[in-house]
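All remarks here apply to the structure that follows.
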Amino acid sequence: MPELPEVETVMRGLAARLQGRRIVRATMNRADLRWPVPPGLAATLTGACVTSFARRGKYILMRLASGDSLLLHLGMSGRMVITPPGPALPALHEHFVLQTDDDWRIALIDPRRFGSLDMLPTSEEASHPLLASLGPEPLGPDFTAAKLSAALAGRRTPIKAALLDQRVVAGLGNIYVCEALFRARLSPRRLAATVAGARAARLVPAIVATLTEAIAAGGSSLRDYVQPSGELGYFQHAWKVYGRAGIDCEHCPGAPACAGISRIVQSGRSSFFCARTQR
DNA sequence: CAAGAATCCTGTCAGC
DNA sequence: TGCTGACAGGATTCTT
């Protein structure tokens with residue numbers, strides 16, 4: 001599922017193909033996504049010129065010369081597929097399709113329909129209900145140990161749950177929270193409020209490095225993620241703990257006291273961690 | 001107010 | 001082989 005690194009990669013792929021181009025056709029095949037897609041969305045896009053792209057947390061913004069912005073969230077199963085000029089067979093679960101003036105085709109495919117689309121004035125992006133309460137960008141200047149500590153202060157919930165809260169920091173999902181906590185050697189069970197001082201100072205760079213490396217790798221994924229460029233097959237997951245229950249832990253090579261990577265369930269979601277080194 | 005559960009949806013996979 | 005059920009996860013909404 002797309003978390004910040006995947007969304008960033010998708011956005012870059014979309015920008016490479018769409019920026020500076022005109023959209024000659026927009027088609028909504030299914031408007032019942034996570035929320036109903038505004039009826040006029042396709043009409044607004046038809047004939048529009050794409051000026052730039054931005055990302056906020058897991059949301060992609062496509063800005064138009066008209067002063068409108070398309071807001072896109074991929075949910076859990078959403079992916080963008082780009083195909084070159086030529087005959088194209090509509091795929092299953094292809095809910096939304098753009099065609100450019102140079103005849104490329106950009107499709108949103110989302111089997112579970114947890115994704116969303118909206119149209120809003122570019123000038124009102126910051127106050128959009130889905131964006132207004134997002135926390136700082138983890139790769140931006142506002143994501144510091146001091147500010148993270150402040151956001152976690154008083155929170156009597158596990159750090160795992162707190163980091164999944166998009167109001168604390170925007171863009172992390174289950175996989176990268178597990179990875180970042182492993183890197184910071186913090187237990188997912190640790191009370192959020194106790195992540196301050198040296199621990200917060202350890203966690204922030206761990207999150208930054210985890211995300212930066214994943215973006216550099218081109219974004220990793222679950223099972224069916226496809227590059228926005230259309231190319232398949234670089235599913236090179238480099239996860240150290242996610243999905244690796246029972247496997248040897250990288251922190252403890254040959255240590256008899258390490259039982260390998262453990263899996264527990266928190267808030268109904270899997271957490272993977274090394275019980276020996278993550279405290 | 002905060003924390004956790006339930007919810008939406010469908011493809012995938014384990015087990016019988 | 002085919003069916004059934006559990007599971008996956010983002011983010012809102014509901015419940016406690």
Side-chain angles (χ1 to χ4, degrees), chain A residues 1-11 29-37 55-61 71-81 91-96 107-118 128-138 150-181 188-195 207 211 214 219-226 232 235 237 239 241-246 261 263-273:
Chain A
M1 119 295 353
E3 300 181 29
L4 188 150
E6 289 80 20
V7 175
E8 177 70 22
T9 305
V10 169
M11 186 205 70
N29 295 321
R30 279 197 78 150
D32 56 334
L33 304 184
R34 177 70 172 82
W35 293 282
V37 177
R55 180 190 55 72
R56 183 76 177 93
K58 298 172 196 170
Y59 293 89
I60 290 172
L61 288 154
L71 182 65
L72 164 69
H73 193 288
L74 296 170
M76 299 205 307
S77 59
R79 63 191 203 269
M80 303 300 298
V81 174
L92 200 60
H93 304 303
E94 197 174 75
H95 308 313
F96 175 64
L108 167 66
I109 297 174
D110 184 8
R112 276 170 265 191
R113 308 207 313 280
F114 281 16
S116 59
L117 286 171
D118 202 2
H128 189 281
L130 293 172
L131 305 181
S133 56
L134 290 178
E137 282 294 321
L152 297 175
R155 283 214 168 218
R156 308 196 57 77
T157 189
I159 184 67
K160 168 75 188 304
L163 292 176
L164 285 173
D165 186 338
Q166 303 296 297
R167 295 170 299 184
V168 171
V169 54
L172 295 179
N174 202 42
I175 294 171
Y176 291 109
V177 167
C178 289
E179 295 298 318
L181 288 173
R189 291 193 273 223
R190 168 174 286 282
L191 213 58
T194 68
V195 179
I207 290 171
L211 297 176
S220 45
S221 80
L222 280 184
R223 294 169 181 80
D224 58 357
Y225 186 69
V226 181
L232 298 162
F235 293 71
H237 306 171
W239 303 328
V241 288
Y242 184 83
R244 297 175 63 86
I261 293 159
R263 174 184 177 272
I264 60 173
V265 175
Q266 298 177 284
S267 314
R269 302 225 145 73
S270 294
S271 295
F272 299 89
F273 69 112

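Letters A, B, ... mirror the listed sequences (proteins, then strands); counts begin at 1.
Remark on DNA chain B: of its neighbouring residues R34(A) and L92(A), the 5'-side contact belongs to R34(A), judged by nearest-heavy-atom nucleotide.
The two residues R155(A) and L191(A) come nearest to each other via the heavy atoms O-CG, 4.1 Å. Pairing each heavy atom of V241(A) with each of F272(A), the nearest pair is O-CB, 3.3 Å. Heavy-atom minimum distance, Q166(A) versus L172(A): NE2-O, 2.9 Å.
Nucleotide dG10(C) holds its C1' atom 14 Å from the CZ atom of R167(A), rounded to whole Å. Between the CZ atom of R156(A) and the C1' atom of dG4(B) there is a distance of 15 Å, given to the nearest Å. The interatomic distance linking R79(A) (CZ) with dT10(B) (P) rounds to 15 Å, in whole Å.
We find that the ring of F114(A) and the base of dA11(C) do not stack by the test of centres under 5.5 angstrom and planes tilted less than 30°.
Proximity of H93(A) to the phosphate of dC9(B): no side-chain N or O atom is located under 4.0 Å from OP1 or OP2. Between S270(A) and dA8(C) there is a side-chain N or O to OP1 or OP2 distance below 4.0 Å. Residue S77(A) places no side-chain N or O under 4.0 Å from the OP1 or OP2 atom of dC9(B). Distances shorter than 4.0 Å separate some side-chain N or O of R263(A) from OP1 or OP2 on dA8(C). Put simply, H73(A) has a side-chain N or O that comes within less than 4.0 Å of OP1 or OP2 on dA11(C).
The listed nucleotides are dG10(C), dA8(C), dG4(B); the one nearest the side chain of R269(A) is dG10(C). Among dG10(C), dA8(C), dA3(B), the nucleotide with an atom closest to any side-chain atom of R112(A) is dA8(C). Looking at the side chain of L130(A), the nearest of the listed nucleotides dT12(C), dG4(B), dT10(B) is dT12(C). Comparing atom distances between the P111(A) side chain and each of dA8(C), dG10(C), dG11(B) picks out dG11(B) as nearest.
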Show the numbers, then the answer: is there a salt bridge (Lys or Arg N to Asp or Glu O under 4.0 Å) between E137(A) and R56(A)? CA-CA 7 Å; E137(A) 282 294 321; R56(A) 183 76 177 93; 2.9 Å; yes

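Residue L164(A) is classed as having no contact, given no heavy-atom separation below 4.0 Å to the nucleic acid.
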